[in-house]
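Here is the structure we will look at, set down as structure tokens.
So that the names make sense, note that chain A is the first sequence line, chain B the second, and so on, each numbered from 1.
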Number of protein chains: 4
Amino acid sequence: MSSVAQPLSDESVPSAAAVPDPPRQRDAERTRAEILDVATQEFADRGYAGARVDEIAAKTSTTKRMIYYYFGGKEQLYVAVLERAYKRIRSLEQQLDVEHLDPVQAVRELACLTFDHHEAHPEFIRLVSIENIHRAEHIARSEALSGLANPVLDVLGRILARGWDAGLFRDDVDALDVHQVISSFCVFRTANRHTWRVLFGRDMLDAERREHQRRMVGDLVVAHLTAR
Amino acid sequence: MSSVAQPLSDESVPSAAAVPDPPRQRDAERTRAEILDVATQEFADRGYAGARVDEIAAKTSTTKRMIYYYFGGKEQLYVAVLERAYKRIRSLEQQLDVEHLDPVQAVRELACLTFDHHEAHPEFIRLVSIENIHRAEHIARSEALSGLANPVLDVLGRILARGWDAGLFRDDVDALDVHQVISSFCVFRTANRHTWRVLFGRDMLDAERREHQRRMVGDLVVAHLTAR
Amino acid sequence: MSSVAQPLSDESVPSAAAVPDPPRQRDAERTRAEILDVATQEFADRGYAGARVDEIAAKTSTTKRMIYYYFGGKEQLYVAVLERAYKRIRSLEQQLDVEHLDPVQAVRELACLTFDHHEAHPEFIRLVSIENIHRAEHIARSEALSGLANPVLDVLGRILARGWDAGLFRDDVDALDVHQVISSFCVFRTANRHTWRVLFGRDMLDAERREHQRRMVGDLVVAHLTAR
Amino acid sequence: MSSVAQPLSDESVPSAAAVPDPPRQRDAERTRAEILDVATQEFADRGYAGARVDEIAAKTSTTKRMIYYYFGGKEQLYVAVLERAYKRIRSLEQQLDVEHLDPVQAVRELACLTFDHHEAHPEFIRLVSIENIHRAEHIARSEALSGLANPVLDVLGRILARGWDAGLFRDDVDALDVHQVISSFCVFRTANRHTWRVLFGRDMLDAERREHQRRMVGDLVVAHLTAR
DNA sequence: GATGAATGAGTATTCATTCAT
DNA sequence: GATGAATGAATACTCATTCAT
């Protein structure tokens with residue numbers, strides 16, 4: 001019901017507010033966006049096979065026919081959902097600004113920003129889990145995604161370079177390794193939240209434990225990089 | 001694809017050996033086990049909604065009817081798969097033996113063993129991802145699983161206690177925090193392998209990078225625990 | 001076997017007339033009605049559990065899928081059949097007109113009309129028998145049916161009132177008692193026709209005995225009401 | 001759960017009490033009887049198509065195999081249930097003794113006894129309804145049933161003869177007509193109890209209304225027979 | 001006689017997709 | 001662009017019955 005992508009979608013919000021409808025023009029774009037919003041929610045919620053085209057259509061203000069009209073089918077809709085989700089995430093990552101900090105502070109800050117970022121977009125984490133179950137076959141085929149630049153890696157690369165120059169960081173790990181460490185921690189909390197809660201009785205996303213966990217990821221990566 | 005249950009199933013192997021199978025009237029335990037083997041593979045491969053009862057039956061030497069005879073339905077079969085998978089993993093974890101090492105070595109060894117362990121059971125990691133997509137509703141309802149003890153935590157608890165006593169480890173993280181750090185890294189490599197490969201061009205499970213990654217998880221947790 | 005709904009369905013007849021049916025896109029009401037016609041026949045013929053959705057669909061010009069599209073499932077279809085059947089019967093009962101007769105004639109006439117009425121709708125009697133086997137659980141849950149007015153009772157109530165005023169009728173039976181007497185006789189002939197025939201060698205619906213039986217129900221209720 | 005057939009089965013009760021098991025002898029008879037008891041309950045409860053062989057077996061102390069061993073199949077079991085039920089009813093009817101009364105008293109008494117009789121055996125009424133849904137095809141094929149004498153008819157025939165001789169009864173109805181009147185009323189109360197309750201809000205089997213109804217059937221048949 | 005395992009044909013239901021208007 | 005009706009292939013599940021021991 002309530003929009004899934006809201007935290008991400010500055011663009012999709014105005015559809016409700018704003019102008020009194022230019023006769024018939026951006027309707028197409030608006031309809032597409034609405035379908036994508038609902039589909040994102042449904043696919044993230046139930047997986048690709050578990051999501052229902054009927055259900056997606058029903059939660060939309062248009063009809064099932066439009067899904068086929070705009071996207072061609074369930075699979076293409078799913079790919080479109082993935083593409084939009086990845087693009088939004090990447091565009092947010094563009095705004096990272098940690099390069100004014102010293103390398104140690106910068107890497108800690110980057111970890112924390114990634115932490116916040118993933119916590120704000122659980123449905124994106126779920127989509128990624130789902131896509132991994134499918135062995136990433138859809139994003140592999142998507143031209144839009146396979147060529148998508150990765151801002152975090154660039155930022156991280158420059159921080160590491162400065163750290164190495166200053167003799168602060170170990171040099172047997174590269175940017176992708178560090179990104180893996182950060183991502184592992186930040187993704188796992190959300191992706192495996194439910195089984196963890198049942199098996200260990202602790203909710204990794206519990207608000208009370210949030211600060212502790214946030215400090216932990218920073219400590220972790222800094223300790224690792226600066227260990228003698 | 002690659003045999004799912006083999007690495008785990010000393011018990012299930014004899015089905016291949018022994019007698020040449022009198023046409024009917026095999027035996028209950030063998031039939032059950034065979035269905036579970038195939039179902040584990042199928043559910044891990046395609047998810048709960050994506051797996052097909054017909055397909056599972058077809059890959060079995062018995063019929064679909066037997067799935068309902070022994071398990072009652074698709075969902076119960078899925079739960080039985082989860083239960084067996086968790087029990088096997090737990091039983092392997094029972095065999096952990098790192099307590100003769102000094103705390104730092106012990107925690108590093110534990111991280112490495114967890115690393116090996118998860119790498120050996122990718123289908124288990126997949127099942128866990130899938131169950132998280134379903135918000136762990138099935139294991140939450142399973143009496144067999146919600147009460148399952150967790151050997152790793154006990155072992156880790158004792159190591160930390162020794163480390164604290166010796167003033168070696170920071171004391172603002174508990175056993176579950178440390179387990180989370182280790183699990184995050186070890187699970188993520190397998191769970192997110194495919195999207196990572198497509199997006200970053202690196203296979204986190206690549207054999208050539210294995211030792212590097214294995215050292216990394218040890219370094220990570222030790223550095224974190226011993227950081228001043 | 002013999003057309004079920006015909007005697008009742010002025011509305012459903014046009015389906016046979018009109019246009020020669022553009023292949024697809026018939027119209028909703030017609031499709032619904034056709035399914036209900038066939039389902040009425042099948043459920044009356046074989047009972048709820050004995051009727052087959054496949055068989056109903058096969059006797060229809062549409063497909064099984066439409067049954068689920070319009071009704072949701074076998075049980076809801078059965079309820080829809082009951083609802084339509086009861087509504088039709090009630091609507092026919094609305095047309096009763098015996099109040100211009102003196103009370104004795106009126107009650108006899110009412111009995112005879114009920115007799116004719118039930119004889120004309122054997123499939124309705126069968127549906128009622130079937131629903132009683134199910135302890136009326138379906139009509140109990142149907143809002144459409146539990147609130148359905150009962151014209152016969154009103155008519156009967158007014159006749160009895162006149163008879164009591166005139167000192168013609170005994171006053172220790174109420175309208176529902178009288179309706180029970182009439183219904184028992186009229187329903188039993190049809191509902192128990194087959195076992196009666198086998199066990200006693202007499203067909204209670206034999207055309208030759210019809211007038212005799214019709215007079216009997218009138219005599220019965222009049223004699224009862226007017227007995228000193 | 002609570003035994004259906006109890007009111008009927010003086011013979012089947014001792015199975016639990018009595019002798020300490022003659023090594024293995026009447027076991028066959030006892031097993032047969034137990035199956036029939038459970039099957040009677042199940043068929044009466046759910047109809048022929050609705051009853052489940054598995055369910056019948058499960059409610060038995062033996063296994064499904066025995067149903068096939070003793071009866072051959074579901075249909076034959078159903079026929080056996082009908083045969084036993086009819087035989088028991090007939091045998092109870094043998095005990096009717098109203099011939100010492102004057103014709104009017106006798107016919108009233110007969111009606112009341114029939115009333116009591118049917119009220120005591122609702123599961124028999126249900127079986128008869130069910131068999132009528134199947135157009136009596138099973139009892140028609142049963143040699144045991146098609147030749148079964150009907151004690152009530154004989155008794156009734158003798159009472160009517162006396163009444164005619166005495167000029168008390170109308171002579172345009174025969175014994176079977178009178179039996180039909182009585183049966184209609186007595187069967188209808190039980191057979192159509194549930195729909196009647198839902199549609200008219202009155203339970204025809206309500207204990208408080210029992211005496212009223214019992215008097216009614218007597219009044220009814222006497223008034224009818226003696227009407228001038 | 002008795003038992004649990006096994007079976008195949010059936011049976012209700014669902015789903016992505018398309019058509020006519 | 002938009003809509004409700006329609007479809008066929010799948011999909012989960014059930015049932016009476018039989019076999020091996």
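In this entry E:dA2 has F:dT21 as its Watson-Crick or G-U wobble partner, both defining distances falling under 3.5 Å. Judged by Watson-Crick or G-U wobble contacts below 3.5 Å, the nucleotide F:dA12 has E:dT11 as its partner. Under the Watson-Crick or G-U wobble criterion, with both distances below 3.5 Å, F:dT7 is paired with E:dA16.
Among the protein residues, B:T63 comes within range of the sugar-phosphate backbone only, with heavy atoms under 4.0 Å from sugar or phosphate atoms but none that close to a base. Contact annotation for B:A49: no contact, since no heavy-atom pair falls under 4.0 Å across all strands. Heavy atoms of C:A51 sit under 4.0 angstrom from primed sugar atoms or phosphate atoms, though from no base atom.
F:dA9 atom C1' lies 15 Å from atom OH of C:Y68, rounded to whole Å. The CD1 atom of C:I56 sits 12 Å away from the P atom of E:dT11 (whole-angstrom rounding). For the pair D:R65 CZ and F:dA16 C1', the computed distance is 13 Å after rounding to whole Å. Protein atom NZ of D:K64 is 10 Å distant from nucleotide atom C1' of E:dA5, rounded to whole Å. Rounded to whole Å, the distance from CD on D:E75 to C1' on F:dA16 is 12 Å. B:D27 places its CG atom 13 Å from the C1' atom of E:dA6, with the value rounded to the nearest Å. For D:M66 and E:dT3, the CE to C1' distance is 8 Å, given to the nearest whole Å. Between the P atom of F:dT7 and the CG atom of A:D54 lies a distance of 16 Å, rounded to the nearest Å.
A donor-acceptor contact under 3.5 Å is formed by the side chain of C:Y69 with the base of F:dA5. Contact of C:K74 with E:dT13 (side chain to base): no donor-acceptor pair of N or O atoms is detected under 3.5 Å.
Residue C:A28 has its side chain nearest to F:dA5 when only E:dT3, F:dA5, E:dA6 are considered. Comparing atom distances between the B:Y70 side chain and each of F:dA12, E:dT17, E:dA5 picks out E:dA5 as nearest. Checking E:dT18, E:dT3, F:dA2 against the side-chain heavy atoms of A:T31 singles out F:dA2 as nearest.
For the pair D:T63 and D:M66, the minimum side-chain heavy-atom distance is below 4.5 Å. C:Y68 is not listed as a side-chain neighbour of C:L77, based on a closest heavy-atom distance of 4.5 Å or more.
Between the CD1 atom in C:I35 and the CD1 atom in C:I56 there is a gap of 9.5 Å [rounded to 0.5 Å].
For F:dA12, one of the phosphate oxygens OP1 or OP2 lies less than 4.0 angstrom from a side-chain nitrogen or oxygen of B:R52.
At a threshold of 4.0 Å, the pair C:R135-D:D45 counts as salt-bridged, since one of the basic side-chain nitrogens sits closer than that to a carboxylate oxygen.
Under the 6.0 Å distance and 45° angle rule, A:K74 counts as a cation-pi partner of A:Y48.
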